[in-house]
Amino acid sequence: MRKGARFLKAAGVMLLLFLLAGCAYSDILDEIPRDFSRAVKTSEGLPEQLSQGQVQDGEVLPEQEPPAPAESFLAEEADDFARSSLSGTEAVWYDEMAGILGSFGEKINLSGECLQAGLTEEDIDRIFQCVLYDHPELFYVEGYSYVKYRKGDATVAIEFSGTYSMDSETALLRRQEIESAAAEILAGISPEASEYDKVKYVYDTLIIATDYDLQANDNQNIYSVLVNHRSVCLGYAKATQYLLNRLGVECTLVPGTVDDGEAHAWNLVKVDGSYYYVDTTWGDASYQLGEANTAAGYAMPAINYDYLNITTEELLRTHTIGGDVPMPVCTAKEANYYVREGAWFEAFDIEKVQQLFDRAAAASRTDVTVKCADPGCYEEMVDLLLKQQKIFDFWKDAGTHIAYAQNENQLSLTFWVTNE
């Protein structure tokens with residue numbers, strides 16, 4: 001993908017190119033002796049977890065109830081999108097896993113009726129991943145372990161345990177920090193706001209408050225974003241999901257890869273009854289340009305809206321959806337940022353272009369983005385605004401120093417005033 005930032009001044013052009021890449025994840029866990037365990041990688045781009053499959057012959061353990069937790073970390077407002085993709089039998093194991101993970105529990109016998117109905121140890125990881133997809137508030141969950149009991153060749157019981165990155169006391173303290181930070185963010189928007197405004201508010205707020213940092217602590221969970229303000233894609237996506245769920249907006253995690261093959265994570269949201277994709281990480285200029293974006297007088301606008309409420313067609317130009325949870329085909333455009341903001345062009349229209357720049361000038365904005373519906377319209381925009389440099393005619397108050405960035409995959413052009 002070619003996507004860059006450039007600088008216009010008279011006939012001269014300064015060029016700065018950048019590439020969007022996937023996210024790096026946490027280090028692989030230390031090896032466990034193979035006689036007693038099996039290392040299992042989590043689904044499509046999520047951090048690696050640990051799955052222990054110790055097999056024992058003998059009588060099945062008696063059915064047991066998980067210990068009653070002092071309190072559950074599970075959030076009532078969590079969206080159960082991944083759970084809804086499971087069969088009724090699978091959902092039983094999902095609920096049992098979610099219950100023990102949410103209570104810092106250990107050693108629960110997964111329902112024997114589900115074993116009799118055909119579930120096996122091969123289903124554990126897939127169902128476990130569904131729990132993590134739906135519950136970003138389980139920030140302390142590192143993985144799981146299980147012990148399989150059998151008679152002869154028949155599995156008669158599976159004992160499931162969570163594995164955690166911290167003790168429950170530390171997690172409770174961190175949850176307080178997370179909830180305090182979330183409350184401060186959510187106080188900035190009315191509960192009566194439209195779903196579009198809620199999604200845009202969370203997108204904007206997280207991007208402004210967070211720096212993309214491969215070395216950030218806890219960067220696979222919401223603590224890194226909401227408290228430490230430094231994270232990678234999985235942290236961005238889980239924080240987006242966590243906040244939108246608290247605002248009553250359906251939002252789930254989507255794992256996959258991007259066009260350079262790297263693992264990545266983003267979100268699926270539901271706005272006014274229609275599904276859209278949102279990639280908060282790719283909306284952050286600190287991710288796109290890194291240190292280059294801080295060059296004196298050259299700073300790109302902090303927020304890129306190319307990935308706010310987009311269709312499946314637009315997403316698949318740069319992303320590949322992974323995971324075992326089926327995703328809907330998103331076709332609606334009504335809640336797309338550019339459509340809502342009057343910057344979407346299905347055909348080249350000089351008057352509409354002028355109106356867009358006039359509104360920006362009236363609002364004292366220093367950046368403007370246009371997005372085209374098809375390559376023909378896009379090429380007309382490029383020819384007129386860039387090659388012929390008519391941008392200076394449309395944006396008369398911008399002076400003689402305007403930088404721009406092209407996203408050829410998303411057919412968008414962004415212009416901003418610089419001090420260079």
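Numbering starts at 1 and runs along the sequence shown. All values derive from a computational prediction rather than experimental measurement.
Taken to the nearest 0.5 Å, the OG1 atom of T311 stands 6.5 Å off from the CZ atom of R317. Remark: L356 CG to Y338 OH distance equals 10.5 Å, nearest 0.5 Å. The structure places CG of L243 at 8.5 Å from OG1 of T205, a figure rounded to the nearest 0.5 Å. How far CG of L101 is from CG of L138: 6.0 Å, rounded to the nearest 0.5 Å. To the nearest 0.5 angstrom, Q129 atom CD is 4.5 Å from D125 atom CG. Separating the CG atom in D204 from the OG1 atom in T280 is a distance of 10.0 Å, to the nearest 0.5 Å.
Not a single donor-acceptor pair under 3.5 Å links the side chain of K238 to the backbone N or O of H135. Counting only distance, with no hydrogens or angles, the side chain of Q241 and the backbone of Y133 share a donor-acceptor pair below 3.5 Å. Side-chain atoms of D213 do not come within 3.5 Å of backbone N or O of S231 as any donor-acceptor pair. Side chain of S180 to main chain of E177: no donor-acceptor pair is present (N/O by atom type, distance under 3.5 Å, no hydrogens or angles). Between the side chain of D260 and the main chain of E262, a donor-acceptor pair closer than 3.5 Å is present. With hydrogens and angles ignored, the 3.5 Å screen pairs no side-chain donor or acceptor of W266 with any backbone N or O of A237. Without hydrogens or angle criteria, S161 side chain to E106 main chain gives no donor-acceptor distance under 3.5 Å. Between the side chain of E77 and the main chain of R246, no donor-acceptor pair closer than 3.5 Å is present. D167 places a side-chain N or O within donor-acceptor distance of the main-chain N or O of E169, the cut-off being under 3.5 Å. Remark: side-chain polar atoms of S274 are not paired, donor with acceptor, to backbone N or O of V271 under 3.5 angstrom.
Partners of F73 according to the ring-ring contact (aromatic ring centres under 6.0 Å, His included) rule, which considers only residues two or more places apart in sequence or in another chain, are F104, Y140. In this structure F394 satisfies the ring-ring contact (aromatic ring centres under 6.0 Å, His included) test with no other residue, sequence neighbours excluded. Taking the salt bridge (Lys or Arg N to Asp or Glu O under 4.0 Å) definition, one finds that K371 meets it with E314, sequence neighbours left out. Here Y378 pairs with Q406 under the side chain to side chain donor-acceptor pair (under 3.5 Å) rule; sequence neighbours left out. For R359, there are no side chain to side chain donor-acceptor pair (under 3.5 Å) partners two or more places apart in sequence or in a different chain.
Looking only at side-chain heavy atoms (C-beta outward), C251 and V199 stay at 4.5 Å or farther from each other. Here the side chains of V353 and V370 are not in contact, with every heavy-atom distance at 4.5 Å or above. Side-chain contact between Y223 and I178: present, with at least one pair of heavy atoms (C-beta onward) separated by less than 4.5 Å. Residues Y242 and V225 have side chains not in contact (no heavy-atom distance under 4.5 Å, counting atoms from C-beta outward). Contact of the V141 side chain with the Y164 side chain is registered, since non-hydrogen atoms from C-beta on lie closer than 4.5 Å.
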Does the side-chain hydrogen bond (donor to acceptor under 3.5 Å, both in side chains) test come out yes or no for Y94 and D134, once each step is laid out?
-> CA-CA 11 Å; Y94 173 106; D134 286 345; 2.7 Å; yes

Intermediate values then yes/no, side-chain contact (heavy atoms from CB on, under 4.5 Å), W344 and K333 | CA-CA 10 Å; W344 170 269; K333 291 185 172 69; 3.8 Å; yes

Run the side-chain hydrogen bond (donor to acceptor under 3.5 Å, both in side chains) check on S412 and D306 step by step: do they pass?
-> CA-CA 7 Å; S412 69; D306 286 343; 2.9 Å; yes

Please lay out, stage by stage, how T312 and T331 fare under the test side-chain contact (heavy atoms from CB on, under 4.5 Å).
-> CA-CA 7 Å; T312 298; T331 59; over 6 Å; no

Output, in order, the C-alpha distance, side-chain angles, deciding distance and verdict of side-chain contact (heavy atoms from CB on, under 4.5 Å) for I127 and M97.
-> CA-CA 8 Å; I127 297 173; M97 291 182 190; 3.9 Å; yes

Please walk me through it: do I158 and Y149 pass side-chain contact (heavy atoms from CB on, under 4.5 Å)?
-> CA-CA 6 Å; I158 294 178; Y149 295 86; over 6 Å; no

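Ionic pairing of K270 and D79 is not present here: no N-O contact between side-chain nitrogen and carboxylate oxygen is shorter than 4.0 angstrom. Looking at K200 and D197, no side-chain N of the basic residue comes within less than 4.0 Å of a carboxylate O on the acidic one, giving no salt bridge.
For W416 against A405, the heavy-atom pair with the smallest separation is CZ3-N, 3.6 Å. Across every non-hydrogen atom of R150 and T155, the tightest pair is CB-CA, 4.0 Å. For the pair C377 and C372, the tightest heavy-atom approach, listed with the atom from each and the gap, is SG-SG, 3.3 Å.
Aromatic pair F160/Y144: ring centres closer than 6.0 Å.
Between Y307 and H319, the angle of the ring planes lies from 30° to 60°, which puts this pair in the tilted group.
When each of Y305, Y196, Y276 is paired with Y337, the ring-ring contact (aromatic ring centres under 6.0 Å, His included) condition holds for Y305 and for no other. When N219, D284, T281, T210 are each tested for a side chain to side chain donor-acceptor pair (under 3.5 Å) with Y236, only one passes: D284. For the side chain to side chain donor-acceptor pair (under 3.5 Å) with H264, the qualifying choice from T318, D279, T257 is D279, the only one to do so.
K352 forms a cation-pi arrangement with F345, by the criterion of a distance under 6.0 Å to the ring centre and an angle within 45° of the ring axis.
The list of salt bridge (Lys or Arg N to Asp or Glu O under 4.0 Å) pairs with a residue in residues 91-100, not counting sequence neighbours, reads R83-D95.
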